Every structure is written in structure tokens, then in C-alpha cells.
Protein chains: 4
Amino acid sequence: MRIKDEFKQEAVINATVKLVNQIGFVSSSVSKIAKEANVSPATIYIYYKNKEELLVSTYVEIKKTLGRELLKNIDEAKPFRDILFNLWMNGFDFITQNRDLFQYTEQFASSPYSDLVDSREYDVYFEPIYRVLKKGTEQKIIKNVPFEMLAAFIFFPLMTLANPKLCKSIELNKETIDQAFSMAWDAIKL
Amino acid sequence: MRIKDEFKQEAVINATVKLVNQIGFVSSSVSKIAKEANVSPATIYIYYKNKEELLVSTYVEIKKTLGRELLKNIDEAKPFRDILFNLWMNGFDFITQNRDLFQYTEQFASSPYSDLVDSREYDVYFEPIYRVLKKGTEQKIIKNVPFEMLAAFIFFPLMTLANPKLCKSIELNKETIDQAFSMAWDAIKL
Amino acid sequence: MRIKDEFKQEAVINATVKLVNQIGFVSSSVSKIAKEANVSPATIYIYYKNKEELLVSTYVEIKKTLGRELLKNIDEAKPFRDILFNLWMNGFDFITQNRDLFQYTEQFASSPYSDLVDSREYDVYFEPIYRVLKKGTEQKIIKNVPFEMLAAFIFFPLMTLANPKLCKSIELNKETIDQAFSMAWDAIKL
Amino acid sequence: MRIKDEFKQEAVINATVKLVNQIGFVSSSVSKIAKEANVSPATIYIYYKNKEELLVSTYVEIKKTLGRELLKNIDEAKPFRDILFNLWMNGFDFITQNRDLFQYTEQFASSPYSDLVDSREYDVYFEPIYRVLKKGTEQKIIKNVPFEMLAAFIFFPLMTLANPKLCKSIELNKETIDQAFSMAWDAIKL
DNA sequence: GATGAATGAGTGTTCATTCAT
DNA sequence: CATGAATGAACACTCATTCAT
């Protein structure tokens, strides 16, 4: 029999991300994705049960990658602020170097498909971050507030800054990055 | 302009917002909006050139309202932090009391339609906020960073916290609100 | 506004029946029906909620017509056998003169759509037939067996004979018709 | 021929009949049949040129079986009515004991595929029945009418009664069966 | 101004069949 | 012989928009 063409599936994923970035989530139809991937629409249904599964599984894959990237070269022995800065910069690097992947997750998160994701599929990749922040709280280094609030002041500003649509005029050089992190730090530190 | 017409147009806008909240941006078709507004699809095309204009202008209207609400009872003579807190609480009140309008803007902002908005249409309503922040910078009360960065640390966390999807577990009482504002303040104050 | 074009709807019904007769129930797709009726596929969905409704309501309409035709010129004062013969000939005339309508009902009845029909919609047209047969039973003219069994020996042979596919070699002249009815009569009479 | 292959082909036939009974003729796609038979879709195309041939040949096989079953234990020396009753009961037994096979033939017969069958493939199995009926006619035991007409009064009522969709309320016990046969007999006897 | 009818182009999805192994 | 991968064409249906009144 014909062997499964891994390239084809990868082409589908790439086409999905590319199209979502180019024309948006809504307009990215299965047939357009198929055309972009040089594949028949029917082929997509070999790999994925339906459109939902294509979009959701693409999202989950990206989230896993993001989780892995965030924790790259993290040394938990370092001072807390340094760990956080590492995390932050890893996030920044991922966002800027994989703008299309990042943008896909942003669009996905605000789409009705986002309700269909079982976050447990990738939560494990983010668990170390919870743990680090919890330790910071316990050691009275950062404020004792819910995790979501910490995230709202650390990671959401990061995402905002990295979003060229929202921050057209901000040049993202070493200085602004440091400045932004230091603001995030001021927000959460005790 | 006849009174009857205004009612119709208003019904269309309300139906748009209501439907977007009920079934999402994607599924809100012109004919469904028309049905919800008790109006013919063709009628909508009397008021708006096309669907895009309907969605964009609805967005702009909400932005204008938001701008007006933000500046309610703002006394520029007060101390800077109090002014900011007022702004912040006005924003919080708007979001929680007009969740449907807010949710519409969120969905709109992450749709491809958002590229089509000319922000100058509502910027004037937000201009006082720019001015206040600028004064704060000049008086060395807050950090001297681009406006978007300030916004990223003041208003985006607010929106994040008010988003029930993102912050399921956070109860929004007086205490958490104060806490959140104080974190935002720590982030931007000098 | 544009007024509803009765001709269009009729064209759709005719096209449905015609196509079902030409290419069968299964191959008669909405788009083919639309093309045959010189109408856009979308137009069909103005008249009918979905394909099912188109097929079912076409069936019901034909059944109503059949019911009306069967009872044409029936004089319940006549002898029982004559009434039955009248019914029988009315049926025969309908089948042979509206072969396409009849064939549609045959195909429909053996399609999965047939489960979706609420027979109460047309039962009223056939009620007089029930009544006549019941009277025949009570007056000990015909055998006291369930209605379906009577039908199986009166009307199903009729349908079989009128079906050119099943009875290729039988010429349907006055003599064969009389012969067939007399066989049906022998089957049910006491 | 290898044993393994026969199993596969038989599995395909069984799957075809089973699926047609479960989900109907229309929905029974080649891939679903293949899945049900634990076989690749491509395998089916080794045994059959195309879907049509699969369906038609399955039909023909069933017809052959039916022919064989009808003639089981037929003793042409018996009185004519007894022979006929034997045939009739054999038919009844086949229908009730192989409802799935019978239902398949019913669905097939009212599908456009039925035009593609060459009845000569199985006619030989039914030839004895022709012969018996012909003798009955010659011996002036039954009416001298075309074979199809006899069939319409003997076998079609039988099929009608055995069709649970058409005869929901009729319980098929010894008594009703006898009654039905006697009606058929009244119809054809001289 | 206001409308319901009408539509071509598109949607997600399944199909019978063929390909390459 | 047997297979899972692959596909173009078709499916039922919805869309944003325009037409005719």
C-alpha cells in the first residue's frame, strides 16, 4: 500500500497556520487550506476527523511547543527574578521568532473552537511555571495573588507588546524589553 | 430623519451585539441579524453598505460609548493616582455592566475586520486619557514609556481579569479590584 | 418586494418528480433538481427547510391527489362490488395516467425518508375507503380480515400489474383489467 | 483459490447485507462496507469491478438462495394446492428467517440498480415454479392468466404481509398465514 | 424607505474509485 | 492478493448581496 506521506500532513498544518495568519480564522476554509497545502480536501479528512479537529490539534501542538520553549535553559537554582526573566525572554523569543504560530494561538483562543480544547493535553508543559510562581509567593518574593492575576501582569503585557497590531510604534530592542520586564516585575514583586 | 427608521437601525445594532454574544462572530450572518431585529435583510443594506460596515460601525459606536464612560466624573484637579483609579474603575464598571458590548469589541478586535477600522473615528474620545498620562509622565509621577506600554500594564490586565473565560476562578470584589489596580500602579509609577 | 413566483415552486416539484423517475431517488440531488427546474439550489431552500422536507411534502401532495382521485364519482349507494370496482379503476386510471407521480410514491415508500412522514396528513383522504371496506366486512360481503390484508389482495396486485418493470409482458386492456379485478374480488369475497 | 480469500469475499457480502439493513441502501458506502467486513476498500475492487457489481451480484446470490429454498421438499406428486402451499410456506419461512436477506432484495428491487440485473442468472432456480403453475393452468385447476398475474396474487401479498413496515398490526401466526394463503388460493383457483 | 424572493459562490464533508507498495 | 493513502467530484446546505415591487 501507499505509505502515509508525513510531508503531506505537515503541509496541511503549515497551510493552516499560514492561511489563518493571512486571511483570518473565519475565512480559512478547508478547501482553501487544502489548496494551499497542494492536497485534496478529502485528504485532510484522512488525518483529521473534521475541521474542528484540524484546528484544535494544530492549536494544541503549538501550545506544547510554546510550553517547551518557555522552559528552555531554565535553571531553578538561580534567583527568582532571573528565572522569571528567563521565562519572559523565552516567551518573547518564541513570539517574535514564530509570529505566525503565536498569532494562530491568539486567534484560536478568541474563536468558538477554544471551548473545545482540553487544556490538560498541554497543561503539563506549563506546570513548572505554576510551580516557580508558587515558590516565589511562598518565599514572599512576589505578591500573594491568584495565578491568573500574576499572568495578567507578566505574560499578557508581553503578548500585547509583541503584537504588532496593538503596538505599532514600539520598537522591540533590548532596552524596551528590559523596561517592559521591569514594569512587570514592579507589578508583582512584594 | 424619521423616528421609525432610528428604531429600526437601533434594533439592527442591538441584534448584532446580541447575536454575536449568543452564537459568536462567525455564525452571526446578516439574515440571522435581520431576523433577530425583525427586519428584512435588504433593510440592513439601506443603513450599511455591506456586512463589514455594519460590524465596523457597531464596533466604533461601542468604542465611543466606552470612551465616554471612561471619562465620566473625571476630575483632573485630583491627584494623579486618583484620576487613574477613577478611569480604571470606570472601565471596570463598563465591562461588567455591559458585558455584551465588551465581548463584542473583544471578538471584533481579534477578527480580520479590526484592520478596517479607522481609529481616528473614536480616538478623540480617548484623547483626554492620553493627555492625563502624558501629564503624569511629565510630572515624573509615572515612568516615561510609550503610551501603548502604559496601556499594556493598566488596561489589558483589567480586561483580562474581567474576561470570565480567562479568569474563571477570580472573584471580582472590592478587594481583588483594589489589589489589581495597585499592581497596575506599581508597574507604571516611578 | 419581489413577489413569490408560484411557477418556480411548481417547477421545483415537477423537476423533483421527473428526476426521481429518470435517475432514481438516490441520484436526485438538490442541485440536479435545481438545474432541472431552472432555479438556484438556494431557491429550493426558500420553499423547503431541507431536502427531506422537499421530498416528504412532494410525497404527501401526491398522496392527497391520489386519495382524491380514488374517491372520484364513488356512489356509496351502489352495490359493494361496484363501489370496489370503481375504486379499483380510479386507482388504475391514476397509476397509468400519472405514471411519474405513482412511481415517485413507490420509490419514496421504499426509501428511508418514508419513516419521516406523518400519515395523518393524508389519511383523511383515504378514510372513506377504510369505511367502505369495514361496511363490506360487517355486511358479510367480504372476509373478516385485517385491513392491511385486504389491501394486500386488492391494491397491491393492482400496483404490481401497473408497474411496467414488474409486468413487462402484460398488456393492460379492458379484459386483463377485468380479469385482475375479478381475481382480487375472489380473494376477498366471502 | 485460497481459503482465506473466500472468507474475505463472504465477509464482504455479509457486511453488505448487514449494512443495508442497518443504515439503508443509500448510506451503505463502499468504505463503510469495507470497514464492516474488516477489509480494505481496495480489496472489494479485487472481487468486484465496482460498487454496482457488488450490489447486483449480492442480489443475484440471494435470489438464487431464495429459489433453492422455495423448492425445498417440494413433491410434485402431491395435489396441486398442496404443492403451492408448500412453496408459499417455504417463501414465508425464508422471509421471516432471513429477514435481512429479504429486506436487501426489497431495497435493491426498488433501486435503479435493479435495471442492471440479468434475470437469466437466477431464472433457472425459479423455472420449476413456472412449470408447476403452468401444469395447474393446463389441468384447469387455476385460472388461465399470465404468470405475472398469478405471482401478483400469490407472492406479492406474501411479501406485503411479511413486510413489517407495511403490516405493523398483523401478527403472523399459523392462523393468519393459513387465512392469507387461502385468500391467495381463492384468487387464482378456477 | 422597506421588503421577501432570489441567487452564485461558497461551506464542511463524503463518495466511489485508483494509486503505490 | 491485499492494503491504507489519496483524490476529484459531488453532496446538502448557508452566505452576503441584489432584485423587483
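Naming convention: chains lettered A, B, ... in sequence-line order (proteins, then strands); numbering from 1 in each chain. Model, not experiment: these values are computed from the prediction.
Under the ring pair (Phe, Tyr, Trp, His ring centres under 6.0 Å) criterion, C:Phe108 pairs with C:Phe25, C:Tyr59, sequence neighbours left out. Scanning for side chain to side chain contact (heavy atoms under 4.5 Å, CB included) contacts around D:Asp118 gives D:Arg120, D:Glu121, with sequence neighbours left out. Listed by chain and number, the residues in a side chain to side chain contact (heavy atoms under 4.5 Å, CB included) with D:Leu101 are D:Val17, D:Ile62, D:Phe94, D:Asn98 (sequence neighbours excluded). With sequence neighbours excluded, the residues forming a side chain to side chain contact (heavy atoms under 4.5 Å, CB included) with D:Asn14 are D:Glu10, listed by chain and number. With sequence neighbours excluded, the residues that form a side chain to side chain contact (heavy atoms under 4.5 Å, CB included) with B:Glu61 are B:Lys64.
Straight-line distance from the OH atom of A:Tyr48 to the P atom of F:dA5: 14 Å, rounded to whole Å. For the pair A:Phe7 CZ and E:dA20 C1', the interatomic distance rounds to 17 Å; values are reported in whole Å. Between A:Ile46 atom CD1 and E:dA20 atom P there is a gap of 15 Å when expressed in whole angstrom units. One can place NZ of A:Lys8 at 14 Å from P of E:dC19, the figure rounded to the nearest angstrom. Rounded to an integer number of Å, the gap from D:Ile44 CD1 to F:dC1 P is 16 Å. The distance between atom CD of A:Gln9 and atom P of F:dA6, rounded to the nearest whole Å, is 9 Å.
No side-chain donor from either of B:Tyr113 and B:Gln107 sits under 3.5 Å from a side-chain acceptor of the other.
C:Thr58 places a side-chain N or O within 3.5 Å of a backbone atom of C:Leu54 that can act as its donor or acceptor partner.
Paired runs in DNA chain F that reach 3 or more consecutive Watson-Crick or G-U pairs, where each pair keeps both distances under 3.5 Å, cover E:2-21 with F:2-21.
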Side chains of residues 31-41 of chain B: which donor-acceptor pairs under 3.5 Å do they make with residues two or more places apart or in other chains?
residue, atom, partner, partner atom, Å
B:Lys32, NZ, B:Ser27, O, 3.1
B:Glu36, OE2, B:Lys18, NZ, 3.0
B:Ser40, OG, B:Ala42, N, 3.1

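The side chain of C:Lys35 places no N or O atom within less than 4.0 Å of a non-bridging phosphate oxygen (OP1 or OP2) of F:dA10. For D:Tyr47, a side-chain nitrogen or oxygen approaches OP1 or OP2 of F:dA2 to under 4.0 Å.
Under the salt bridge (Lys or Arg N to Asp or Glu O under 4.0 Å) criterion, no residue pair touches residues 49-60 of chain D, with sequence neighbours excluded.
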Worksheet, complete the sentence: In 5'-to-3' order, the base (B), backbone-only (S) or no-contact (-) status of each nucleotide in nucleotides 10-15 of chain E, using a 4.0 angstrom heavy-atom cut-off, is -SSBBB
